[in-house]
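Okay, structure first, notes after.
Chain A is the first sequence line, chain B the second, and so forth, proteins listed ahead of strands; every chain is numbered from 1. The figures that follow rest on heavy atoms only: side chains count, while hydrogens, waters and symmetry mates do not.
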Amino acid sequence: MPQMSMIEAIRDAMDVKMAADENVVVFGEDVGYFGGVFRCTHGLQQKYGTNRVFDTPINESGIVGSAIGMAAYGLRPCVEIQFADYIYPAYDQIVSEAARLRYRSGEQFTAPITIRTPVGGGIFGGQTHSQSPESLFTHIAGVKSVIPSNPYDAKGLLIAAIEDPDPVIVFEPKRLYNGPFDGHHDRPASNWSKHPLGDVPEGHYTVEIGKATTFREGEDVTILTYGTMVYVAEAAVNETGINAEIIDLRSLLPLDVDAIVKSVEKTGRCMVLHEATQTSGFGAELAAQVQERCFYHLESPVVRVAGYDTPYPHAQEWDYFPGPARVGRELKAMMETV
Amino acid sequence: MPQMSMIEAIRDAMDVKMAADENVVVFGEDVGYFGGVFRCTHGLQQKYGTNRVFDTPINESGIVGSAIGMAAYGLRPCVEIQFADYIYPAYDQIVSEAARLRYRSGEQFTAPITIRTPVGGGIFGGQTHSQSPESLFTHIAGVKSVIPSNPYDAKGLLIAAIEDPDPVIVFEPKRLYNGPFDGHHDRPASNWSKHPLGDVPEGHYTVEIGKATTFREGEDVTILTYGTMVYVAEAAVNETGINAEIIDLRSLLPLDVDAIVKSVEKTGRCMVLHEATQTSGFGAELAAQVQERCFYHLESPVVRVAGYDTPYPHAQEWDYFPGPARVGRELKAMMETV
Amino acid sequence: MSEYKPLKFNVPEPTGRPGDQPDFTYVQIPEAGSVRRPEIDVPATDIKDLATTMIRVMNTAGDAVGPWAEDIPDEALLNGLKAMLRTRAFDERMMTLQRQGKTSFYMKCTGEEAIAIGHKAALMKGDMNFPTYRQQGLLLSTDYPIVDMICQILSNEKDPLKGRQLPILYSARSHDYFTVSGNLGTQFIHAVGWAMASAIKGDTKISSAWIGDGSTAENDFHSALVNASVYKPPVIFNIVNNQWAISSFRGIAGGDKATFAERAHGYDIPSLRVDGNDFLAVFAASRWAAERARRGFGPTLIEWVTYRVAPHSTSDDPSKYRPKEESDAWPLGDPVLRLKNHLIARELWSDERHKQAESEYDEEIRVATKEAESYGVMGAGSSPKDMFEAVFEDLPPHLREQRQKMGV
Amino acid sequence: MSEYKPLKFNVPEPTGRPGDQPDFTYVQIPEAGSVRRPEIDVPATDIKDLATTMIRVMNTAGDAVGPWAEDIPDEALLNGLKAMLRTRAFDERMMTLQRQGKTSFYMKCTGEEAIAIGHKAALMKGDMNFPTYRQQGLLLSTDYPIVDMICQILSNEKDPLKGRQLPILYSARSHDYFTVSGNLGTQFIHAVGWAMASAIKGDTKISSAWIGDGSTAENDFHSALVNASVYKPPVIFNIVNNQWAISSFRGIAGGDKATFAERAHGYDIPSLRVDGNDFLAVFAASRWAAERARRGFGPTLIEWVTYRVAPHSTSDDPSKYRPKEESDAWPLGDPVLRLKNHLIARELWSDERHKQAESEYDEEIRVATKEAESYGVMGAGSSPKDMFEAVFEDLPPHLREQRQKMGV
Ligand SMILES: Cc1ncc(C[n+]2csc(CCOP(=O)(O)OP(=O)(O)O)c2C)c(N)n1
Ligand SMILES: Cc1ncc(C[n+]2csc(CCOP(=O)(O)OP(=O)(O)O)c2C)c(N)n1
Ligand SMILES: [Mg+2]
Ligand SMILES: [Mg+2]
């Protein structure tokens with residue numbers, strides 16, 4: 001099986017869909033001739049021409065807004081927002097338009113668009129290259145949100161997103177583009193070529209939107225997480241020796257409630273872990289649901305480990321980032337609670 | 001003491017501040033000559049002139065963006081977004097700019113702006129005149145969010161917001177503008193002139209941002225709520241006879257955690273109640289915190305009663321709106337859980 | 001260098017407020033027939049003058065004059081007049097419905113009928129309109145079922161939008177009418193995307209985007225024009241300048257000194273400024289722009305000069321912010337009367353037929369209204385089950401759970 | 001009427017890509033001195049021609065010619081040249097720092113120095129600039145401490161922004177330099193608000209907004225121009241058209257056929273298009289616009305025509321998307337050389353002094369860098385405590401709790 005980085009897997013997903021469906025078009029800032037600042041669309045314009053892969057003005061609202069119009073026409077736009085930190089100018093188009101088109105038009109018009117955007121920190125990118133705004137979208141009825149943590153899922157979810165009849169936001173943890181990252185920024189970077197999840201089948205396959213995966217089985221506590229934090233959780237587990245079950249949610253909306261409930265009922269404890277700021281982060285929804293659904297199985301409160309409620313700082317990145325030490329500390333503390 | 005509607009109280013707050021501080025300016029769509037589509041700024045332009053109260057282009061990003069520039073200059077803008085449903089075009093300016101100005105500039109530049117905006121349903125206003133987007137702001141580090149439920153608080157919180165050195169969003173539950181509303185839409189509307197909370201002192205006073213109030217004392221269950229739902233909760237309590245304590249949060253960020261903990265520790269049960277869609281609504285944060293902080297006092301899971309996860313429908317408003325019947329049903333159900 | 005004086009803050013004011021005499025001296029009206037008609041492949045730079053004048057075809061005698069006077073089939077003109085009468089009758093009846101408490105909300109297009117109706121007549125089947133809430137003429141000039149429109153307004157059991165959307169925010173894909181958004185301006189860029197798609201696919205369909213004078217201030221006006229400037233898709237940008245945006249006059253949108261048509265120039269998009277109350281001018285300018293788009297010469301922006309005779313909506317009272325007599329004083333007249341006079345001058349029409357047509361449409365709409373009311377008013381007949389449908393194509397688990405809990 | 005052919009999708013292409021010969025035939029360059037200079041109270045409509053030409057003052061001989069040749073004190077010119085040299089030296093040294101791994105990120109303004117520096121020279125103390133990331137000249141032409149700038153770039157213990165902000169996104173209120181946003185375009189409307197405030201207070205301060213050619217596509221470009229159109233505040237809109245936006249050429253921002261300066265016309269805002277590599281033209285046009293603003297005649301938009309000689313940032317490699325030799329072929333030359341030649345022609349300067357100045361600035365910056373490095377590099381020395389401060393004026397309970405938990 002070919003070995004791919006997450007960037008290659010993402011590119012391959014678009015390639016597979018563009019080859020199979022001539023209605024798939026790809027555009028965004030610098031994605032055309034240059035192939036994207038992270039190179040995710042590299043080579044696609046050459047292969048499919050400027051009619052189907054092109055650069056756009058620096059106007060995120062226009063990227064999403066024009067995609068909506070194209071989708072209404074019958075195309076399947078897959079667009080890139082260069083960094084999730086720049087998605088806010090498109091927020092109105094996503095929330096008021098893409099998310100509601102089907103509902104308000106009696107299903108005459110729909111918006112099967114895919115919005116890819118790099119999220120998360122760990123690249124010393126400061127407040128405008130590090131944000132994780134997923135919960136600002138999970139609150140919006142009418143959009144789906146997914147976030148892969150490895151090349152296999154990245155390709156499968158992106159193909160599923162492009163095929164989905166409704167708008168899907170694909171959050172791409174940029175710190176994972178080239179290799180898994182466990183939060184130990186001071187250690188050498190690893191890359192996907194040495195990782196089993198870098199095995200990516202050729203051609204078409206999908207990862208179902210709405211299904212979580214058990215990244216690591218365990219008995220004592222469930223860690224609900226996604227994106228980069230999957231590896232941080234793994235590191236913390238290895239370093240503390242706590243036998244945690246790590247659930248990689250992959251899809252935030254719809255959410256795989258069954259997988260969550262099953263695991264928490266087994267372990268009796270739950271940590272939710274994400275990079276985004278804590279207050280009203282997606283962890284709040286997870287904690288709320290877990291206590292709603294597993295209350296009588298819980299031996300201790302659901303613990304949230306998340307970004308501090310500050311803008312993403314630059315120099316203090318490794319104090320801010322919820323790394324394995326912090327996660328480990330919280331894990332130990334919660335295992336001591338009775 | 002004068003009796004005021006919420007509209008009058010809001011207007012009076014601006015009047016008091018404009019008279020006291022010549023740096024306070026008020027603007028927004030239709031707020032100048034006409035005095036606002038809800039009449040909240042009626043008469044202010046006549047009194048303070050077009051230099052300080054004026055109409056703006058229909059451009060919400062421009063309203064907030066220009067307010068930021070004015071605030072940097074030294075003014076204290078108090079702006080209106082005509083409906084919270086139209087705040088999304090200004091989302092980038094609020095999230096990326098107003099909220100971060102102090103942080104990123106080493107406090108050289110700050111954005112002491114107040115954004116008033118009507119929220120909530122119950123006026124048969126459909127998807128674009130009914131939304132409650134508060135959790136999209138509580139997730140953002142650097143903005144405060146308050147939501148009064150009566151004329152007294154509306155005036156006191158608005159004055160506090162205008163005086164606050166940081167950006168504050170004042171969500172005004174439009175269904176409460178003229179009178180308290182308990183969700184019984186088929187009964188005659190009541191108005192503030194007959195309600196003790198319509199007693200509004202003249203002149204200057206503030207309601208502290210970050211402090212909740214106990215709307216009704218009770219022993220058996222705590223209802224955490226705000227805005228219109230305070231009265232719905234009251235109706236449900238009266239109709240079920242369940243002795244609930246109703247906490248009117250008033251301020252969502254900062255949140256009065258002490259008041260919440262004290263009440264839940266007393267009652268041992270908790271319902272969170274709001275109009276906004278449930279998933280990633282502010283209720284998720286409340287439920288997460290309550291179970292984090294009061295886990296060992298809880299006799300049953302924290303229950304969320306909230307808007308369904310759909311766009312706000314028009315004809316089905318009273319099916320959608322979490323009215324006293326639904327709240328009562330959920331209250332009874334949770335009291336039966338052991 | 002002298003001392004600097006304190007700066008002054010400028011807030012533009014309309015020419016009249018309640019109590020004042022209406023003053024329309026600012027409306028410069030060239031003679032009908034006096035404005036040139038360029039070829040459709042003209043570059044934007046060569047017709048900048050057409051953005052500051054006003055294309056007019058009907059003169060005061062009711063004759064069609066000048067280069068924009070097209071050879072329009074009699075039938076098309078008669079249909080145009082009838083559609084305007086029908087629209088006016090519809091608006092009146094819906095106002096009554098609202099006053100009777102059968103719907104919560106309505107918005108009239110009185111005085112602006114010629115624009116949507118004349119424009120629609122110049123488009124082809126398959127050309128998509130992206131309207132605002134004041135282009136009911138786009139539907140009422142077609143065979144779109146009136147009963148469906150009223151059912152939408154009443155949000156009843158036969159509402160094609162199943163009660164989910166506010167009254168008048170129709171959606172009619174079958175009739176090339178995009179779902180109307182309650183959020184201003186957002187549709188402008190959708191129209192661009194739609195036109196880009198047509199070009200990408202190598203089709204021949206064009207799109208037509210609609211916006212009000214006030215709403216040109218919204219940011220998506222810019223996103224639309226920038227993208228149109230880059231990709232030159234087959235789109236027509238219609239700005240309906242009816243002088244008011246609720247209580248704000250056009251100057252609050254920056255449309256006092258420069259015209260809205262001039263906005264296009266900085267984007268290398270040609271623009272026309274047209275008498276929107278002159279049905280013949282509307283048709284001719286629309287056909288010009290549509291032909292231009294369909295032949296691959298790209299976007300055109302058209303400012304339609306008109307006046308919002310009606311209140312903004314049923315929630316509005318314009319006597320609070322503009323002179324009472326302003327609408328009577330509007331110098332471009334009533335589009336219905338003007339086309340009527342033209343048709344009478346051409347001996348295609350008469351006062352009698354006009355009266356007759358008026359009562360025919362009144363009756364048509366009365367009957368349709370009665371039928372629609374039988375399916376419920378003010379949301380009655382809507383199903384709570386529909387509330388959960390169509391959020392996504394398939395009901396996701398959390399919505400299924402919520403629906404089950406509700407018991408529907 | 002003939003059949004319609006399939007529409008074509010238009011994606012504009014630059015005149016050259018890697019491997020091609022650079023082609024700047026699209027840059028129309030009028031003779032220096034040939035463009036008229038209107039009075040500052042001129043209405044926008046009377047100077048539309050100035051948006052499609054190019055105001056230039058220095059001719060090939062290095063002489064200042066024509067109506068825009070102002071009487072600039074020798075001192076000001078010398079300072080301008082020195083500031084440009086200083087800026088260039090700064091940029092070079094910071095690139096080295098980045099290559100040494102002492103900072104993560106840097107952005108040069110090579111080739112564009114005259115614009116920020118010439119403009120700043122035309123402003124007064126108290127006039128606020130709202131810059132992008134490429135106007136370091138606004139600071140480097142003043143007495144703002146270079147060490148502070150470098151500490152910001154190194155995010156070390158003396159970083160005035162306490163490590164919270166990305167390198168080069170300075171903030172310097174004391175030097176009329178607004179905090180730079182990482183989000184493109186947002187500052188344009190801030191500048192308008194600031195200028196509105198000055199007018200509201202009856203002060204005499206003006207503001208100056210900065211944006212790149214690519215970023216004019218952002219929606220807040222429109223919100224800024226609409227508001228400026230309405231309230232006519234004392235603001236200068238600077239568009240730095242350096243032909244590129246990362247890998248996208250100006251045509252992808254719609255700036256291929258119409259000029260960026262022309263965008264202003266639809267808003268009744270006068271605009272100038274100026275040779276941005278001509279220090280004298282920059283100064284003169286800036287002074288004109290500043291005087292216009294301060295005398296109450298409102299906003300001006302200026303398109304500065306220049307070329308981004310440097311890569312977009314240290315993360316960028318322009319050889320991937322544009323001809324290698326493009327920057328050498330840029331027909332407006334190097335602003336430093338051009339001003340140098342002018343000053344030598346005026347016998348105010350010499351090759352020797354130039355060399356000497358170059359090494360002086362090199363040395364100044366070397367020393368400052370050394371000092372700055374002693375306070376830490378790559379974030380070293382920053383305090384985690386600072387992370388929690390300045391989110392709000394007062395630390396709210398939840399942040400106090402988070403900080404306490406972290407133990408700082
Ligand atoms: C984003 C947004 N902001 C504000 C509103 C409220 N609003 C509805 S109509 C209107 C005035 C629009 O005026 P104009 O564009 O001139 O259209 P007209 O009503 O004159 O046809 C306003 C401010 C809205 N619907 N959406
Ligand atoms: C809202 C937003 N979108 C995208 C970006 C990413 N980005 C940073 S600089 C840049 C190019 C800007 O080009 P231009 O405005 O021409 O300025 P220049 O770099 O040429 O000075 C882009 C796309 C951003 N910072 N913010
Ligand atoms: Mg209007
Ligand atoms: Mg550029």
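Within the 4.5 angstrom heavy-atom criterion, no atom of Tyr86(B) approaches chain A. Using a 4.5 Å cut-off between heavy atoms, Val95(B) contacts chain A through its side chain alone, with no backbone atom that close. Residue Leu286(A): no heavy atom, backbone or side chain, is found under 4.5 Å from chain B. For Glu299(B), the part sitting under 4.5 Å from any heavy atom of chain A is the backbone (N, CA, C, O) and nothing else. When heavy atoms are compared at a cutoff of 4.5 Å, Gln131(B) approaches chain A solely by way of its side chain, counted from C-beta outward.
Leu331(B) and Met271(B) get closest at one heavy-atom pair: N-CE, 3.7 Å.
Ring pair Phe171(A)/Tyr226(A): centre-to-centre distance not below 6.0 Å. For His274(B) and Phe282(B), the gap between ring centers reaches or exceeds 6.0 Å.
Both tests pass for Arg326(B) against the ring of Tyr308(B): distance under 6.0 Å to the centre and angle within 45° of the axis.
The most heavy-atom pairs under 4.5 Å with chain A, out of Val290(B), Leu298(B), Leu255(B), come from Leu298(B). In terms of heavy-atom pairs under 4.5 angstrom with chain B, the leader among Asp309(A), Thr310(A), Val302(A) is Val302(A).
Here the options are Val303(B), Thr225(B), Leu273(B), the test is side chain to side chain contact (heavy atoms under 4.5 Å, CB included), and the partner is Val327(B); only Leu273(B) passes.
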